[in-house]
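All chains are named by letter (A, B, ...) in the order of the sequence lines, taking the proteins before the strands, and each is independently numbered beginning at 1.
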Amino acid sequence: MSKPSIPEGTRDFGPEQVRKRNYIFDTVRTVFAKFGFQPLETPAMENLSTLTGKYGDEGDKLLFKILNNGDYLSKADEQALANRDSNKLISSIAKRGLRYDLTVPFARYVVMNRGTLSFPFKRYQVQPVWRADRPQRGRYREFFQCDADVIGSESLHYEAELAQIYDEAFQELKLPVTIKINHRKVLFGIAEAAGIADKFMDMTVAVDKLDKVGIEGVRKELSERGISESAIDTIEKILASPDLSSLKPVFANSPTGLEGLDEIEKVFKYLNAAPLTNEIQFDITLARGLSYYTGCIFEVIASGIKMGSIGGGGRYADLTGVFGVPGLSGVGISFGADRIYDVLEELNLFPESLSESVKLLLISFDEPSFEYAFQCATKLRKLGVSTEIYPDPGKLKKQFEYAAKRQIPFVAIAGESEMANGTLNLKNQENGEQQELTPEKIAELLNA
RNA sequence: GAGGUUGUAGCUCAGCAGGUUAGAGCGUCGGAUUGUGGUUCCGAAGGUCGGGGGUUCGAGCCCCCUCUUCCUCCCCA
């Protein structure tokens with residue numbers, strides 16, 4: 001028997017970690033609810049047909065597939081098996097997969113329940129997703145996303161509201177961030193202005209790396225992707241003027257690009273009326289999520305720390321279309337809870353109060369006083385005090401040490417004299433003050 | 001998925017061209033202290049040296065495979 005282990009890229013969460021994670025989830029959920037989003041949960045596994053083809057070729061590779069139950073090989077594609085063609089074999093031996101994000105399952109849900117939903121439908125969802133990526137810092141194979149999406153409206157004020165949600169949530173978490181915004185039509189506008197609309201994808205992938213590899217790196221990659229020198233020069237010129245108004249003349253011949261600029265301007269107009277705490281900036285190099293985004297796109301970066309994006313989102317004009325219901329435009333954002341956790345931990349931003357679990361520990365000397373303490377514990381819990389009783393009566397030193405290690409703020413001694421008086425000797429572990437009180441008085445004091 | 005990297009006590013790490021019973025600090029447990037904690041002192045427990053195979057008289061150390069960690073690419077939260 002070998003030592004037990006857990007799969008690559010997964011983690012256990014101890015009591016302290018769960019408390020901290022819940023702090024993030026609760027914060028985000030509260031903000032979502034305040035903006036009128038309703039909770040939704042979907043299964044960990046989806047039919048593979050729901051998931052494949054939604055995230056691009058890369059995404060399909062990163063999907064976890066679930067092997068069919070039973071004698072799955074009896075129904076396997078003989079030819080694919082003989083040819084060792086894994087890709088072709090999959091559909092015949094796996095019909096389900098683990099969810100890769102929350103947006104596609106949401107779209108699937110909307111389509112299945114379109115008859116009963118009233119639009120625009122706003123939902124939030126906090127659940128784990130799985131990706132067969134190679135794990136790294138801030139990158140896990142199982143991680144939680146906290147999504148808020150609204151489907152069934154093209155109103156740009158939702159883009160502004162989602163930016164406000166980011167702003168408010170990170171303000172609550174005391175984590176300074178930069179919210180980046182761009183528009184896929186603006187990206188398309190660049191390609192159009194450079195006369196390489198057919199190479200739009202290649203251009204976007206390259207341009208996205210500007211802050212990482214610099215302009216020379218981008219030029220090199222554009223060139224490698226078969227884009228002409230003159231087009232590259234145009235692109236460079238556009239990238240060098242990443243100001244909304246200065247882009248308008250450049251996009252004179254790109255109606256799509258102008259449309260994108262207009263939409264971003266409108267979002268900014270809404271936001272100007274109610275300034276955000278965190279910085280929001282237009283970033284013309286921001287690409288992300290090419291699979292289904294069509295309008296505004298967002299990304300959130302934590303300030304002052306090296307970590308990938310901790311949030312992202314955007315508008316997808318027709319995600320439900322692939323499930324047979326076209327014409328429903330949606331927009332949504334996602335919080336990467338695990339990365340936010342890592343950042344908060346590294347910057348020491350979790351509140352102290354999270355470590356406090358039980359408020360009171362009862363300790364005793366012998367069987368009679370233990371029985372008395374047990375009764376007191378029952379009474380105190382009824383009065384709303386989270387109480388624990390030390391299981392082995394006897395040496396006080398040991399029991400006090402337990403309280404100290406567990407960081408329990410109050411200890412109450414149940415001894416002979418206390419038993420006689422119907423009281424407990426309550427000690428404040430922080431300042432050492434001690435007083436003899438009835439359980440009722442103690443509850444009153446600790447609940448205050 | 002490609003390349004690199006890491007793995008010794010619960011935790012952080014030592015370890016000698018390959019040479020007998022693998023060490024330290026912290027933590028844990030017991031005692032000094034039989035109604036009072038995070039200090040001090042004393043003592044103890046705890047290791048298939050990630051796992052499997054190989055080379056060797058002999059492997060924690062060398063070779064192969066595998067798992068895991070972190071990193072770069074890809075991509076993303």
Side-chain angles (χ1 to χ4, degrees), chain A residues 1-11 14 24 28 55-63 86-87 100-103 126-147 166 177 204-205 208-209 212-213 217 221 286-291 293 297-302 306-313 332-343 361 363-366 369 390 393-419 424-434 436:
Chain A
M1 190 59 85
S2 57
K3 285 181 182 173
S5 63
I6 55 176
E8 182 182 4
T10 66
R11 295 138 316 144
I24 296 172
V28 171
Y55 310 104
D57 290 342
E58 281 300 319
D60 285 355
K61 283 184 199 155
L62 299 180
L63 282 173
S86 303
N87 286 333
Y100 179 90
D101 74 352
L102 301 179
T103 310
V126 177
Q127 288 192 279
V129 302
W130 294 268
R131 294 181 191 178
D133 226 340
R134 185 69 62 101
Q136 260 178 64
R137 167 187 161 86
R139 171 174 300 190
Y140 307 97
R141 288 187 150 180
E142 177 184 63
F143 60 96
F144 269 71
Q145 291 194 324
C146 315
D147 276 33
Y166 268 143
V177 298
T204 310
V205 171
D208 188 35
K209 294 176 185 164
K212 203 169 187 176
V213 300
E221 175 144 3
L286 175 62
R288 63 165 296 104
L290 289 164
S291 44
Y293 291 120
I297 44 185
F298 298 104
E299 189 159 292
V300 181
I301 309 292
K306 187 175 168 272
M307 174 67 78
S309 66
I310 56 176
I333 55 170
S334 180
F335 289 77
D338 300 80
R339 284 187 180 174
I340 293 170
Y341 181 103
D342 289 346
V343 171
L361 178 73
I363 67 181
S364 57
F365 296 93
D366 45 27
S369 60
Y390 194 82
K395 289 196 176 173
L396 293 197
K397 175 187 167 68
K398 199 173 184 180
Q399 308 191 55
F400 269 102
E401 275 177 354
Y402 176 78
K405 271 173 211 149
R406 286 282 312 279
Q407 296 184 34
I408 300 171
F410 290 93
V411 175
I413 306 167
E416 237 177 291
S417 60
E418 288 84 1
M419 243 195 292
L424 289 167
N425 207 327
L426 180 73
K427 180 171 180 181
N428 181 326
Q429 286 286 87
E430 212 172 309
N431 56 25
E433 277 175 27
Q434 214 165 315
E436 202 175 323

Measure [atom1]/[X] against [atom2]/[N] and give the value in whole Å, please.
X: Asp338(A); N: rC76(B); atom1: CG; atom2: P; result: 18 Å
X: Glu401(A); N: rA32(B); atom1: CD; atom2: P; result: 13 Å
X: Tyr390(A); N: rG37(B); atom1: OH; atom2: P; result: 14 Å
X: Lys212(A); N: rC75(B); atom1: NZ; atom2: P; result: 9 Å
X: Arg137(A); N: rU68(B); atom1: CZ; atom2: C1'; result: 19 Å
X: Leu62(A); N: rA77(B); atom1: CG; atom2: P; result: 11 Å
X: Glu299(A); N: rC75(B); atom1: CD; atom2: C1'; result: 12 Å

Mind checking if [X] touches a base, just sugar-phosphate, or nothing, with heavy atoms under 4.0 Å?
X: Glu418(A); answer: base
X: Gly311(A); answer: sugar-phosphate
X: Gly313(A); answer: nothing
X: Lys427(A); answer: base
X: Tyr402(A); answer: nothing
X: Ser417(A); answer: base
X: Gln136(A); answer: base
X: Gly394(A); answer: nothing
X: Ile413(A); answer: base
X: Asp133(A); answer: base
X: Gln399(A); answer: nothing

#### Entry: 5' priority, RNA chain B, between Ile310(A) and Pro7(A) [closest heavy atom]
Pro7(A)
### Task
Look at the side chain of Arg141(A) and the backbone N and O of Trp130(A), then say whether any donor-acceptor pair between them is shorter than 3.5 Å.
no
### Gln429(A) side chain vs Gln407(A) backbone, donor-acceptor pair below 3.5 Å
no
### Task
Mark this stacking check for Phe143(A) against rA77(B) as yes or no, applying ring centres under 5.5 Å and ring planes under 30°.
yes
### Query
Between which residue ranges does RNA chain B form stems of three or more consecutive Watson-Crick or G-U wobble pairs, both distances under 3.5 Å?
B:1-4 with B:70-73, B:10-13 with B:23-26, B:28-32 with B:40-44, B:50-54 with B:62-66
#### Entry: Pairwise C1' distance for rC11(B) and rU36(B), with rounding to whole Å
30 Å
Distance criterion of 3.5 Å, no angle test: do you see the side chain of [X] paired donor-to-acceptor with the base of [N]?
X: Glu430(A); N: rG37(B); answer: no
X: Arg139(A); N: rC75(B); answer: yes
X: Glu8(A); N: rU69(B); answer: no
X: Gln429(A); N: rG37(B); answer: yes

### Task
Using a strict 4.0 Å threshold on nitrogen-to-oxygen distance, state whether Lys61(A) and Glu58(A) make a salt bridge.
yes
### Task
Evaluate ring-ring contact (aromatic ring centres under 6.0 Å, His included) for Phe144(A) paired with Phe335(A), printing each intermediate quantity in order.
CA-CA 8 Å; Phe144(A) 269 71; Phe335(A) 289 77; over 10 Å; no
### Query
Taking OP1 and OP2 of rA32(B), is either one under 4.0 Å from a side-chain nitrogen or oxygen of Lys397(A)?
no
